[in-house]
Amino acid sequence: MSLSPHEARVEFPILRTHTYLNSCSLGALSHRAEMYLDEFLGLWHTMGASAWYEHWMEKMATLRGKVEVFLGGPEGSLALVPSTSAALSTVAESVPLGSKRNRVICSELDFPTLAYQWSVKPNVELVVLPSPDGIGMDLSQFAEAVDERTLFLATSHAFFRTGFLQDISALAEIAHDAGAYCVIDGYHGAGQIPFSLTETNVDFYTAGPLKWLCGGPGLSYLYVRPELIQELNPRITGWFGAANAFEFDIREFRPHDDARRFEMGTPALHTVHTALGGQEIIDEVGMDVIARRNRELVDFLVEGCADAGFSLTTPGNPDQRSAIIMIQHTDAPGAVARLADAGIIVDHRPGHVRVSPHFYNTEEEIAFLLGALKSFPG
Ligand SMILES: Cc1ncc(COP(=O)(O)O)c(C=O)c1O
């Protein structure tokens, strides 16, 4: 089945009552996600724990399979984990840590949780590269910083602060040329732009259903490059990481041969269900269509901001932009609160009103936001 962005609008009830332009915080909830959630609750009522064996394990496998295809990874390359922070912690605790390779290189524009994994480890040196313009990074900065002492090049696919898109294939190459691993926080990549992880050659990629995949909070995805999986033995783990979990043998831990060895304990099953609903819609609309539509919406928003005299902290080059647009404002929390009174949901980050349209939005909604924002100048 295929859906156009316009047809997909009816799936999202919030679009009938609000002007919803905050998908980079939380993707809209769909009827489809709600239907899967109701199914889960119904089985809990009628089958109790036996639903695990007959339905829920299979739902987890279905979600893993769909997300693997979506990210362009082969079967067995994806783990379901509780959060991006947990995924990154597992990655940090899966590679050998020697005294010669103990540096991690990230940028000041990355989401802090990416750096925290390593800043708490006394034997790791964390290097935070500055952004030359507060918007993006030059690949040459990473190329200069990554060397034979580097364990990880750890950075984002799209920066949460500015929406700046990075070339993750080039980042992987920079890391590999120096013998380092490349880990990408892809929370704002997956669901915004089409790509295939197999082609990028990154070692680890984290994503999640919360934002652009419209699947809600409580779960994240960890992709591990297949050639690496069996070389790595996570030093934090749990029974879902064990191939022999249902033998309940306390003396023998035998990890899965595939990326499930990076899983830990019982996942948030309600999110497995809502994530399936969101993922189905994303797949039916298609990533190429979503990326094209988001580009149109972003171009319209950027032009509208220019006409209204708003300044942006957003890449000037449209090819480096994603659908996170930062409008400078001296009272961003106040503006966001007043926009909410008008039924417009956006967010703020220091000094900025943050607007993040997705495929289900329209130019009319963006025009409505801009008109309202003009009456709260900042
Ligand atoms: C880029 C990015 N990475 C990581 C996170 C945090 O992820 P989690 O709460 O799943 O650890 C966020 C949350 O907003 C984010 O925007």
Side-chain angles (χ1 to χ4, degrees), residues 21-28 63 67 71 78-93 104 106-120 126 128-129 131 134-137 152-166 168 171 182-193 195 197 202 204-223 236 262-265 267-268 270-272 274-275 278-279 313-315 320-326 336 345-350 352 354-358:
L21 291 163
N22 196 8
S23 294
C24 90
S25 281
L26 179 66
L63 181 64
V67 176
L71 295 176
L78 195 90
L80 299 180
V81 290
S83 64
T84 291
S85 303
L88 293 167
S89 302
T90 308
V91 170
E93 283 299 337
V104 176
C106 68
S107 90
E108 65 177 349
L109 297 174
D110 290 307
F111 194 81
T113 212
L114 181 69
Y116 292 166
Q117 313 314 318
W118 289 284
S119 65
V120 295
L126 180 69
V128 181
L129 301 176
S131 162
I135 295 176
M137 294 291 293
F152 279 101
L153 191 180
T155 187
S156 311
H157 199 162
F159 291 124
F160 81 106
R161 281 181 194 281
T162 62
F164 181 94
L165 279 168
Q166 299 208 91
I168 58 174
L171 289 164
C182 177
V183 54
I184 300 293
D185 175 350
Y187 231 146
H188 298 288
Q192 285 225 66
I193 42 169
F195 57 89
L197 285 178
V202 301
F204 307 94
Y205 189 95
T206 63
L210 177 70
K211 302 165 187 284
W212 306 98
L213 300 178
C214 303
L219 199 65
S220 275
Y221 308 131
L222 171 62
Y223 160 90
I236 49 173
F262 299 92
E263 296 189 355
M264 286 207 213
H270 48 283
T271 313
V272 169
T274 50
Q279 190 64 50
T313 307
T314 290
Q320 291 175 327
R321 274 184 210 142
S322 59
I324 301 174
I325 299 298
M326 306 298 284
V336 168
I345 302 177
V346 290
D347 210 342
H348 56 87
R349 287 293 176 268
H352 295 87
R354 186 175 71 176
V355 184
S356 51
H358 207 2

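In each ligand, atom 1 is the first atom listed, and ligand 1 is the first ligand listed. Counting begins at 1 with the first residue of the sequence. From a predicted model like this one, the values you see are computed outputs, not experimental measurements. Side chains are part of it too, since the values below use all heavy atoms of this structure and drop only hydrogens, waters and symmetry mates.
- At a distance under 4.0 Å, no protein heavy atom can be found next to atom 9 (O) of ligand 1.
- Of all atoms in ligand 1, numbered sequentially from 1 with element shown, those under 4.0 Å from a heavy atom of Thr84 are 4 (C), 7 (O), 8 (P), 10 (O), 11 (O).
- A donor-acceptor contact closer than 3.5 angstrom links the side chains of Arg354 and Ser25.
- When every heavy atom of Gly191 is checked against every heavy atom of His358, the shortest pair comes out as O-CE1, 3.3 Å.
- In terms of protein heavy atoms, atom 11 (O) of ligand 1 is closest to Ser85 OG, 2.5 Å.
- At a threshold of 4.5 Å between non-hydrogen side-chain atoms, the residues Tyr221 and Leu63 count as touching.
- Counting heavy atoms under 4.0 Å from ligand 1, residue Asp185 touches it through the side chain alone.
- At the top of the distance list for atom 16 (O) of ligand 1, counting protein heavy atoms only, stands His188 NE2, 2.9 Å.
- In terms of protein heavy-atom proximity, atom 6 (C) of ligand 1 is nearest to Phe111 CE2, 3.6 Å.
- Side-chain atoms of Thr84 and Thr206 form no donor-acceptor pair, as typed in the model, at a separation below 3.5 Å.
- For ligand 1, the atoms sitting less than 4.0 Å from at least one non-hydrogen atom of Tyr187 are 1 (C), 2 (C), 3 (N), 4 (C), 5 (C), 7 (O), 10 (O), 12 (C), 15 (C), numbered in the order shown with element in parentheses.
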Could you walk me through whether Phe111 and His188 pass ring-ring contact (aromatic ring centres under 6.0 Å, His included), step by step?
-> CA-CA 11 Å; Phe111 194 81; His188 298 288; 8.0 Å; no
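- Using cut-offs of 30° and 60° for the angle between ring planes, the His157 and Phe195 rings count as perpendicular.
- Polar contact with ligand 1: present for Lys211 (N/O pair, distance under 3.5 Å).
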